Amino acid sequence: MKILVCISKTPDTTAKIAFTDNNTKFDAAGVQWIINPNDEYYALVRAIELKEADPAAAIHLINVGGADSDAIIRKALALGGDEAIRVNAENLDSFGIASQIAQIAKENNYDLIFLGKETIDYNGSAVGGMVAELLDLPYISLATKFELNGTTATVTREIEGGEEVCEVSLPVVVSCNKGMAEQRIPNMRGIMAARTKPLKVVEPAASDALTEVAAFSLPPAKAGVKLVDADNVQELVRLLHEEAKVI
Amino acid sequence: MSVLIFIDINEEGAVKKTSLEVLTYGARLAQQLGVPAEGLVLAPVKEELAALGKYGVQTIHQVQNEALAHFDAQVYTKAIAQIAEKTGASVILFSNNTDGKALAPRLSARLKAGLVSGAVALPETANGFIVKKSVFSGKAFADIKIATPVKIITLNPNSFTIEAGAGTATVTPVEVTVDAPKVKTVSVNRQSSEVPLAEAERVVSGGRGMKGPENWGILEDLAKALNAALACSRPVADAHWRPHNEHVGQTGGAIAPNLYLAVGISGAIQHLAGVNRSKVIVVINKDPEAPFFKAADYGIVGDLFEVVPKLTEAIKQLKG
Ligand SMILES: Cc1cc2nc3c(=O)[nH]c(=O)nc-3n(C[C@H](O)[C@H](O)[C@H](O)COP(=O)(O)OP(=O)(O)OC[C@H]3O[C@@H](n4cnc5c(N)ncnc54)[C@H](O)[C@@H]3O)c2cc1C
Ligand SMILES: Nc1ncnc2c1ncn2[C@@H]1O[C@H](COP(=O)(O)O)[C@@H](O)[C@H]1O
C-alpha cells in the first residue's frame, strides 16, 4: 500500500499576523514555520498508524514550496514519513498547488491520498477536493475516523450537527479532521533517521493559477471590554438584550 | 449568464439554514450583476421549493435521480457541472459548510473556474471581480481576484443576514447523466433536535475552568435558557470531557455566532482563532488577567460556579 500525505508549511499558531508591500504580502519577519497542524496531527499521524499495522506500507510526503519548506519536511520524515518530494514552486493558488500534487500522484499510483482539512493560514479547505477531481477519484472531506479493511475503507466524516459513516474502495482522497489521530512528538531515532531519508526536489509542471490575492487587511480593533460586577448579572443580561441585541 | 445557487438539503429532507444565507447572498449578487438568480436542488427534499422564491431566486432547477439520494462529492460535482453548463451560469455559489467544502473545490478543478472559499461579503464587481474572504483563522481578511469567466464562491456560515420578502420561484425539473456513487453511506448520526454548532446563533462554551465533565450541567442549563449550542476548548475535548465536534479553535471548528459566551476559558490565541469572528463575545473568568478579556465585548470577573447559575436565572426571568 502506498500512501501520499500532503504537507503544507504555515506560520506558528502564535505568530503575529501583519502584512508588507502595501498589504499584498504576509510579513514573514521573525515568523517560526511549522507543519500545518491539521496535516501533522491528523493526516500524517493516521498514515503512520496505518503503516504500523501494515509494515509493507510506504508513506510518501509531498510539499509544494520553496527550499524554506525543507525544515518542516524533515520534521515530517522524523515523525514517520519514508520519503519526500518537494515540488519547487511558490506562491501558487489552491488550484496551482493541487495541479502539482495531482501530477506527482498520477506518476505514482497511490492507494490513499491524505491531506489536512485546511491550512490555518489560507483556510481554503480546497486543495483536497481539487486533487480528487483532477485524478477523478472519490473524495471524503473532514474525516474524523478512518479504518481500513483490505482495500475497503470505512470513513466517518463530519456533517452539520452530526456525522456520517461511509464506505469506499481504494484509491481515495481524504481530508483529515480532529479525531483521526493524536499529535505525536518525534523521537531521537526518528530525527536521526530523517537526515538520510530521501527528499527529492522536482521542478513544477506548467499550470495556471485561477485566482490571485489583491490585498490583505486586518479586522478593526475591538472597542474594549465592558466589565459587569459578578453580583449584578441582571446588568449583563440587560446589556446583551438592549445594547448588543443578541438575546 | 446567471448566478447558480446550490441548495443544500439535510438528511431529513429539509433545506439547511446555511442555504438560506446563500440564497439571500446570491439574489443580491445577481441583482448587482443584472442577471437572474437560480437555485439548484439535487437531493430528495420534503419542503415546498417554490417558497424559496421569497429569498429572491426566480428559478429552481430540481434534479430527481436515484444516484443522488446520498451525498457523494464526485457524483454531485458531475451533476452540478452539467447544470451549470446547461444554464450558462457565470457564478456558482455554495455555503462554506461541510458539503460545500467537498463540492466547490471539485467543481472549480472540473470547470477551471476560480474559487474563493469562506467569503464574508458580497464581491466587488465594479473593477474586476474581487471577493473578501477570511484568512489566518479569522485573524485577517484577503481580497481575492478571480480572473476566470466562471467563478465559484463559498459563503462562510453566519456572515450574511437572511432576508425574506414575497415572491415564489418556478421549479423546473432537469435531467443529468451520472454514474452510481462510489462512496456508500452506511449510517447518518444527526441530532435533529440540536442546533448544529456551525449554524448556531448563540454558543455557550466551556474550558478547563469547568474542572470536570460532571459540572457541565450548569452550562447545559445556560445553553438551554439561551437556545444556544455548546462548544468547548481543546483540552476539554482532548480529556474527553466533551465530544470532539464541540472543540473550537485553530485545530477545531471555526464559528461566527452572534453571541459567544466563554466560561472558564483562558482565551489562548489558538482558541480565539476559531471564535474571533463572533459578533459579541462574553467572557466569564475568575482571573482578571485572562487574555480572553482583551478579545471580549462584555465580561464578568468571578467564579463561574456562582455566576453561571445566576446568569441562567436572570435570562429565564427576561424571557418570562
Ligand atoms: C498548535 C496548537 C493548536 C491549538 N489549537 C487549539 C484549539 O483549536 N482550540 C483551543 O481551545 N485550544 C487550542 N490550543 C490550546 C491552547 O493553546 C490552550 O492551551 C487552550 O485553549 C486552553 O484551554 P482552556 O482555556 O480551557 O484552559 P486553561 O488555559 O487552563 O484556562 C482555564 C481558565 O479557566 C479559568 N478558571 C478556572 N477556574 C475558574 C472558576 N472557578 N471560575 C471562573 N474561571 C475559572 C482560569 O482563570 C483560566 O483562565 C492549541 C495549541 C497549540 C499549540
Ligand atoms: N503547498 C502545499 N504543499 C502540499 N500540500 C498542501 C499545500 N497547500 C495545501 N496542502 C494540503 O492541502 C490541505 C488543504 O489546504 P487548503 O486548501 O489551503 O486549506 C492542507 O491541509 C495540506 O494537506
Side-chain angles (χ1 to χ4, degrees), chain A residues 13-14 17 37-38 41 94-95 98 120-130 132-134 138-142 144 154 158-169 178-179 210-219 222 225-228 230 233-234 236-237 239-241 244 246-247, chain B residues 16 73-74 97-98 101-102 105-106 108-110 114-115 117-118 130 134-137 139-146 148 182-191 194 196 198-199 226 244 247 250-252 258-259 269-270 280 293 295-302 307 310-311 314-315 318:
Chain A
T13 53
T14 57
I17 307 303
N38 294 312
Y41 308 169
S94 315
F95 182 74
I120 62 166
D121 50 1
Y122 188 69
N123 303 127
S125 225
V127 173
M130 289 174 172
E133 186 65 28
L134 292 170
Y139 178 48
I140 300 182
S141 56
L142 306 175
T144 56
T154 305
E158 181 190 322
I159 58 170
E160 275 77 37
E163 54 182 38
E164 181 178 290
V165 181
C166 34
E167 241 173 48
V168 64
S169 296
K178 170 118 192 167
L210 307 178
T211 60
E212 64 183 84
V213 177
F216 290 105
S217 56
L218 292 169
K222 283 256 177 188
V225 61
K226 257 190 203 172
L227 288 179
V228 175
V233 291
Q234 282 81 8
L236 177 63
V237 172
L239 287 167
L240 293 179
H241 184 60
V246 287
I247 61 173
Chain B
K16 290 186 191 169
Q74 197 174 15
N97 62 12
T98 53
K101 284 178 185 176
R106 284 204 82 122
S108 164
R110 188 172 190 87
L115 163 71
S117 56
I130 296 177
S134 171
V135 289
F136 292 100
S137 310
K139 283 176 262 182
F141 299 108
D143 293 331
I144 309 288
K145 189 167 163 187
I146 311 183
T148 50
K182 288 193 196 137
V183 178
K184 194 174 113 216
T185 305
V186 180
S187 65
V188 175
N189 175 4
R190 205 179 94 86
Q191 264 86 34
E194 280 175 32
E199 294 178 10
L226 283 168
H244 280 314
H247 157 204
Q250 193 127 40
T251 45
N258 290 338
L259 172 65
I269 190 159
Q270 298 93 351
V280 172
F293 284 116
D297 299 281
Y298 301 98
I300 290 184
V301 179
V307 174
K310 280 199 245 168
L311 185 59
I315 288 160
L318 172 82

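All chains are named by letter (A, B, ...) in the order of the sequence lines, taking the proteins before the strands, and each is independently numbered beginning at 1. These figures come from a predicted structure and were not determined experimentally.
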When you measure from the side chain of [X] to the backbone of [Y], do you find a donor-acceptor pair of N or O atoms at a distance under 3.5 Å?
{"X": "A:N123", "Y": "B:S137", "value": "yes"}
{"X": "A:S141", "Y": "B:K101", "value": "no"}
{"X": "A:E160", "Y": "B:T98", "value": "yes"}

Tell me, side chain or backbone of [X] under 4.5 Å from chain B's heavy atoms, or both, or neither?
{"X": "A:F95", "result": "side chain"}
{"X": "A:A98", "result": "neither"}
{"X": "A:I17", "result": "side chain"}
{"X": "A:L142", "result": "side chain"}
{"X": "A:I120", "result": "both"}
{"X": "A:S94", "result": "neither"}

Beyond-backbone contact of B:K184 with A:V168, side-chain heavy atoms, under 4.5 angstrom: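 A side-chain contact is absent here, since even the closest heavy-atom pair is not under 4.5 Å.
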Audit row: B:F136, A:Y122, side-chain contact (heavy atoms from CB on, under 4.5 Å) steps and yes/no: CA-CA 6 Å; B:F136 292 100; A:Y122 188 69; over 6 Å; no
Between chain A and each of [options], count heavy-atom pairs under 4.5 Å; write down the option with the most.
{"options": "B:I269, B:V188, B:N189, B:T148", "answer": "B:N189"}
{"options": "B:A295, B:A296, B:S187, B:A198", "answer": "B:S187"}
{"options": "B:A140, B:G252, B:G118", "answer": "B:A140"}
{"options": "B:V301, B:N258, B:V307, B:V183", "answer": "B:V183"}
{"options": "B:I315, B:I146, B:T251, B:L226", "answer": "B:T251"}

Who wins among A:N38, A:L134, A:L218, A:L239 for the most heavy-atom pairs under 4.5 Å with chain B?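 The candidate making the most pairs under 4.5 Å is A:L239.
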I would like to know whether B:L115 and A:T211 meet side-chain contact (heavy atoms from CB on, under 4.5 Å); could you show each step before the answer? CA-CA 7 Å; B:L115 163 71; A:T211 60; 5.7 Å; no
Please evaluate residues B:S108 and A:M130 with respect to the criterion side-chain contact (heavy atoms from CB on, under 4.5 Å), reporting the C-alpha separation (whole Å), side-chain torsions for both, the decisive distance (0.1 Å), and the verdict. CA-CA 7 Å; B:S108 164; A:M130 289 174 172; 3.3 Å; yes
Give a yes or no on whether a salt bridge exists between A:K222 and B:D297, defined as a side-chain N under 4.0 angstrom from a carboxylate O.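 The answer is yes: the pair qualifies as a salt bridge.
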Could you tell me whether B:K145 and A:E212 make a salt bridge, using a distance below 4.0 angstrom between a side-chain N and a carboxylate O?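 Salt bridge: no.
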Would you mind checking which part of B:I144 comes under 4.5 Å of any heavy atom in chain A, side chain (CB onward), backbone (N, CA, C, O), both or neither?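 The answer is both parts of B:I144.
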Part of B:E199 lying under 4.5 Å from any heavy atom of chain A: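 Contact with chain A: side chain only.
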From CA spacing to verdict: side-chain contact (heavy atoms from CB on, under 4.5 Å), B:V280, A:L240: CA-CA 9 Å; B:V280 172; A:L240 293 179; 4.2 Å; yes
